[in-house]
Protein chains: 2
Amino acid sequence: MATDPLSVIFAALADPTRRAILARLAEGPATVKELSAPFAMSGPAISKHLRVLERAGLITRGRDAQWRPCHLSAAPLKEVADWAEHYRRFWDASYARLDSYLQQMKDEESDDGHDR
Amino acid sequence: MATDPLSVIFAALADPTRRAILARLAEGPATVKELSAPFAMSGPAISKHLRVLERAGLITRGRDAQWRPCHLSAAPLKEVADWAEHYRRFWDASYARLDSYLQQMKDEESDDGHDR
DNA sequence: AGGTTAGATAACCGAGTGGTTAGGTAGCGA
DNA sequence: TCGCTACCTAACCACTCGGTTATCTAACCT
């Protein structure tokens, strides 16, 4: 797998179990046991998912006696949102109109009588 | 790999080559040859990347004689942006203040003298 | 000290990824 | 028709992923 930050983040999000874990953590910190409760999955499987999320910077883990409370760390999600925003003009109708207007300006400019 | 739409989209985006292809297509349609030019990679490798993008709904391919022009299809990126927006309050300071205010209201409500 | 619980690690497995080379197909143009 | 170009498919490779079971550590509670 690619190791650049954005690729690691996207890869971490490309699994419904991990996205569900993030959704749960959006409601507050939770232990590993609590996080694994909704899933028909062994502990180690959850543990691996958590490590993937941790390496993507999406969660942090503390320590409280025998518990390892996880909590959400949303900074990478801002990166995702910012990245996607670059393409907004391709799905947002009003943006698309602005974009085609600017494109038209550009076309007319490069078209008005000068060679090369 | 997970087969739900959002997972397929995120997985497609979890590769810098594929994101670079999308960035190129944001400037307009391109043939497979044009898309492969910036990369030190064989044709079939690019072809596989394009198939991943196509299955995620991020590109469509037409046909023009021996060329297969690709163009961007950004609807899935809107899904990504919308998904990430759900977490905005965790990185946006003003949203976070609103959120803690609402949380405080909730705490005071469940705290004002009633048992259970 | 002994038992229980929370959690991580290791080793393994089947399926998928990202790349390769080789070879096939479709359309253009001389 | 012959050759060139654009592109795809097939087969293969090393590696990763998502899951398992078995085993280990650490902390709590009698």
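Numbers restart at 1 for each chain; the letters A, B, ... are given by sequence-line order, proteins then strands.
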Step-by-step salt bridge (Lys or Arg N to Asp or Glu O under 4.0 Å) determination, A:K78 to A:D82: CA-CA 6 Å; A:K78 173 165 165 45; A:D82 289 349; 3.0 Å; yes

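Here A:A65 lies in heavy-atom contact (under 4.0 Å) with sugar-phosphate atoms only.
B:C70 is listed as a side-chain neighbour of B:L35, based on a closest heavy-atom distance under 4.5 Å. At least one side-chain heavy atom of B:R19 sits less than 4.5 Å from a side-chain heavy atom of A:L6. Within the 4.5 Å cutoff, no side-chain heavy atoms of B:H86 are placed close to those of A:L77.
Put simply, NE2 on B:H49 and OG on B:S36 are 11.5 Å apart, with the number rounded to the nearest 0.5 Å. Expressed to the nearest 0.5 Å, how far CD1 of A:I9 lies from CG of A:D4 amounts to 9.0 Å. With rounding to the nearest 0.5 Å, the separation of CZ in A:R51 from CD1 in A:I46 is 13.0 Å.
In plain terms, the two heavy atoms of B:D15 and B:T17 that are nearest each other are OD1-N, 2.8 Å.
Taking the nucleotide of DNA chain D with the nearest heavy atom to each of A:R63 and A:A45, the more 5' of the two is matched to A:A45.
Less than 4.0 Å separates DNA chain D from at least one heavy atom of each of the following residues of residues 17-25 of chain A: A:R18.
Under the 3.5 Å distance criterion, the side-chain polar atoms of B:R18 are matched with a main-chain donor or acceptor of B:A11. With B:Y87 contributing its side chain and A:A23 its backbone, the two residues share a donor-acceptor pair below 3.5 Å. With A:D64 contributing its side chain and A:W67 its backbone, the two residues share no donor-acceptor pair below 3.5 Å.
For DNA chain C, the contact window with chain A, defined by any atom under 4.0 Å from a protein heavy atom, covers C:dA6 to C:dA11 in 5' to 3' order.
Five base pairs at each end of the helix from C:dA1-D:dT30 to C:dA30-D:dT1 define two local axes, and these are offset by 10° (rounded to 10°).
Look at CZ on A:F39: it is 14 Å from P on D:dG18, rounded to the nearest Å. For the pair B:I46 CD1 and D:dA6 C1', the interatomic distance rounds to 14 Å; values are reported in whole Å. For A:R55 and D:dG18, the CZ to P distance is 12 Å, given to the nearest whole Å.
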Could you write out each protein N or O paired with an N or O of nucleotides 7-11 of chain D at a distance under 3.5 Å?
residue : atom : partner : partner atom : Å
D:dC7   : OP1  : B:V32   : N            : 3.3
D:dC7   : OP1  : B:R68   : N            : 3.2
D:dC7   : OP2  : B:K33   : N            : 2.7
D:dC8   : OP1  : B:R61   : NH1          : 2.6
D:dC8   : OP2  : B:S47   : OG           : 3.0

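Here A:E34 pairs with nothing under the side-chain hydrogen bond (donor to acceptor under 3.5 Å, both in side chains) rule; sequence neighbours left out.
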Acceptor/donor pairs from residues 55-63 of chain B side chains to any protein atom, 3.5 angstrom cut, sequence neighbours excluded:
residue : atom : partner : partner atom : Å
B:T60   : OG1  : B:H71   : NE2          : 2.8
B:R61   : NE   : B:E54   : OE1          : 3.3
B:R61   : NH2  : B:E54   : OE1          : 2.6

